[in-house]
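Data first, discussion second: the structure below is written as structure tokens.
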Amino acid sequence: MKTFADHLLTWFDLHGRHDLPWQQPATPYRVWVSEIMLQQTQVATVIPYYTRFMQSYPDIARLAAAPVDEVLHHWSGLGYYARCRNLHKTAVTVCEQYGGEFPQRFDDVVALPGIGRSTAGAILALSRGERHAILDGNVKRVLARYHAIEGWPGRTAVAAALWDKAEQHTPESRVADYTQAIMDLGATLCTRSRPRCGDCPLGTECQAYASDSQADYPGRKPKQRRPQKATVMLLALHGNAVYLERRPPSGIWGGLWSLPEVTSAAEVDDWLQTRLNVRAKTVEPWPVLRHSFSHYDLDIQPLTVRLSDVSRTVADLPGAWYPLDQPLNVGLAAPVSKLLAQLTITH
DNA sequence: AACTCGGGGAC
DNA sequence: GTCCCAGAGTT
């Protein structure tokens, strides 16, 4: 009697992905970085970031030694920036507490910041072949269909049922291949829309396929309306430089550099006076830029502000002036990058 | 249990 | 436009 894993492994040898950048070699460090980048992020999006990251930080010691701002610069545009700060924090921890060798015990791995149950399992399974289950978006979809598990996986009971199945199916041998195999199946064949069930090694053992109800699994998240928010971003110009401030570590775009914000155009003069101790020579509005997050829409009103005189600017500014003609070696929020790029063009 | 955290690919 | 992606941390 061939098991779930047997079918999957046979299929994987022929049709799985064997040439992803983090598979050669699949060291704990390289797998770890890939797993963090791949959290809620598609493979095609990650690959160029991963390649650049590995060129700059070929080992964990180099990552730990780098300034967090420089690491965030490599992450800029990838989203979920807490992942990056936790990555750097973990690199420092591993170098200081584990002598630069990634820990091998599951409890030690899952205790590291940014590494949860699934990511810890993936690291140990993929890089060391240890028997641990994973439960990412691919595995959830495959197992929800195979066992016809109803309900949204975000619900605790549904997630628990899926974890149960994930543990049960994980084989004793070839764990690394199996882990890659079930992800590959979900990514290339058991896709969210139009799954290619005719080519699936699981065949009619899949309960969803057997009842032609693939589209019902996994259950959808109950949908909610996105709130609308608005802000005003100031492109405060002093000669060839623009004024940027670092955002607080928590909250949206945490730790990134961004344009200063006010709640309305009427507050611009006030802000310039209190923060920079200057007045505006000209204020020029740009077209509103809509930036959509998964949980709200943000309408950004950019204002170009030319300053009358910056010689009296207060000494201990919370931000800094960045020359527009030089590359910015810091993390920038995506819409801020867009605005600065346009600003550079129009100059 | 619900909320927060990004940006983009696929449709 | 919607949905969701190799999820985790906070409240």
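So you know, we letter chains A, B, ... as the sequences are listed, proteins then strands, and number each from 1. Note that the coordinates shown come from a computational prediction; the quantities given were computed from them, not determined experimentally.
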Open item on the list: Any base atoms under 4.0 Å from A:Ile182, or only sugar-phosphate, or nothing? Heavy atoms, all strands.
Closed with: nothing

Open item on the list: Mind checking if A:Gly251 touches a base, just sugar-phosphate, or nothing, with heavy atoms under 4.0 Å?
Closed with: sugar-phosphate

TODO: For A:Tyr81 and C:dG9, give me the distance from atom OH to atom P, rounded to whole Å.
DONE: 19 Å

- [ ] For the side chain of A:Leu38, starting at C-beta, report the closest nucleotide among C:dA6, B:dC5, C:dG7.
- [x] C:dA6

Open item on the list: Could you tell me how far apart A:Leu87 (CG) and C:dG7 (P) are, to the nearest whole angstrom?
Closed with: 16 Å

Task: Per A:Arg226 side chain, nearest of listed nucleotides C:dA6, B:dG6, C:dT2 - done: C:dT2

Open item on the list: Heavy-atom count check: over 12 atoms from other residues, nucleotides or ligands less than 6.0 Å from A:Arg155 CZ?
Closed with: no

TODO: Using atom CG of A:Leu78 as one end and atom P of B:dG8 as the other, report the distance to the nearest whole Å.
DONE: 10 Å

Open item on the list: Rounded to whole Å, please give me the gap between CZ in A:Phe293 and C1' in C:dC5.
Closed with: 17 Å

Open item on the list: What's A:Arg141 touching, base or sugar-phosphate or nothing? Going by heavy atoms closer than 4.0 Å.
Closed with: sugar-phosphate

Task: Side-chain-base donor-acceptor pair under 3.5 Å for A:Arg155 and B:dA2 - done: no

Open item on the list: Suppose you measure atom P in C:dA6 against the same atom in B:dT4; what distance do you get, rounded to whole Å?
Closed with: 24 Å

Open item on the list: What's A:Ser294 touching, base or sugar-phosphate or nothing? Going by heavy atoms closer than 4.0 Å.
Closed with: base

Task: Residue closer to the 5' end of DNA chain B, A:Trp152 versus A:Leu332 (nearest nucleotide) - done: A:Trp152

Open item on the list: Treating A:His88 as the side-chain partner and A:Ala66 as the backbone partner, does any N or O pair qualify as donor plus acceptor under 3.5 Å?
Closed with: yes

- [ ] May I ask you to evaluate whether A:His295 reaches the phosphate of B:dC5, defined as a side-chain N or O under 4.0 Å from OP1 or OP2?
- [x] yes

TODO: Give A:Leu135 one of three labels, base, sugar-phosphate or nothing, depending on what nucleic acid heavy atoms sit under 4.0 Å from its own.
DONE: nothing

Open item on the list: What contact category does A:Ala44 fall into here, base, sugar-phosphate, or nothing, at under 4.0 angstrom with non-hydrogen atoms?
Closed with: nothing

TODO: Find the distance A:Gln40:CD to B:dG8:C1' and express it as a whole number of Å.
DONE: 13 Å

Open item on the list: Distance check needed: C:dG7 C1' versus A:Asn86 CG, whole Å only.
Closed with: 12 Å

Task: A:Met183, nearest nucleotide to its side chain (from C:dG7, C:dA6, B:dC5) - done: C:dA6

Task: Charged tip of A:Arg52 within 45° of A:Tyr49 ring normal and under 6.0 Å - done: yes

Open item on the list: With a 4.0 Å cut-off on N to O distance, would you call A:Arg246 and A:Asp69 a salt bridge?
Closed with: yes

- [ ] Tell me what A:Tyr80 touches on the nucleic acid: a base, only sugar-phosphate, or nothing, going by heavy atoms under 4.0 Å.
- [x] base

- [ ] Record whether the side chain of A:Thr41 comes under 3.5 Å of the base of B:dG6 through a donor-acceptor pair of N or O atoms.
- [x] yes

Open item on the list: Quick check for you: among B:dG6, C:dA8, C:dA6, whose closest atom lies nearest to any side-chain atom of A:Asn138?
Closed with: C:dA6

Open item on the list: Between B:dG6 and C:dT11, how far apart are the two P atoms, rounded to whole Å?
Closed with: 15 Å

Open item on the list: Output the rounded distance in Å from CD (A:Gln42) to C1' (B:dG8).
Closed with: 7 Å

TODO: Using atom types as modelled and distance alone, determine if a side-chain donor or acceptor of A:Asp184 lies under 3.5 Å from a backbone N or O of A:Arg17.
DONE: yes

TODO: Identify whether any heavy atom of A:Val139 sits under 4.0 Å from a base atom; if not, whether one sits that close to sugar-phosphate; answer base, sugar-phosphate or nothing.
DONE: nothing

- [ ] Assign each of A:Arg290 and A:Asp184 to its nearest nucleotide of DNA chain C by heavy atoms, then name whichever residue's nucleotide is nearer the 5' end.
- [x] A:Arg290

- [ ] Figure out the CG/C1' separation between A:Asp297 and B:dG7, and round it to whole Å.
- [x] 14 Å

- [ ] Say whether A:Thr41 and A:Arg83, considering side chains only, have a donor N or O and an acceptor N or O under 3.5 Å apart.
- [x] yes

Task: Distance below 4.0 Å between A:Trp75 side-chain N/O and B:dG7 OP1 or OP2 - done: no

Open item on the list: OP1 or OP2 of B:dG6 versus the side-chain N and O atoms of A:His291: is any pair under 4.0 Å?
Closed with: no

Task: C1' atoms of B:dG9 and C:dA8, separation to the nearest Å - done: 22 Å

- [ ] Could you tell me whether A:Trp22 contacts a base, only the sugar-phosphate backbone, or nothing, with contacts defined as non-hydrogen atoms closer than 4.0 Å?
- [x] base

Task: Nearest-neighbour nucleotide for the A:Arg192 side chain, C:dC4, C:dA6, C:dA8 considered - done: C:dC4

TODO: Just compare C:dA6, B:dT4, C:dC4 and give me whichever is closest to any side-chain atom of A:Arg220.
DONE: C:dC4

- [ ] Please determine if A:Arg247 forms a cation-pi arrangement with A:Trp257, meaning its NZ or CZ atom is less than 6.0 Å from the six-membered ring centre and no more than 45° off the ring axis.
- [x] no

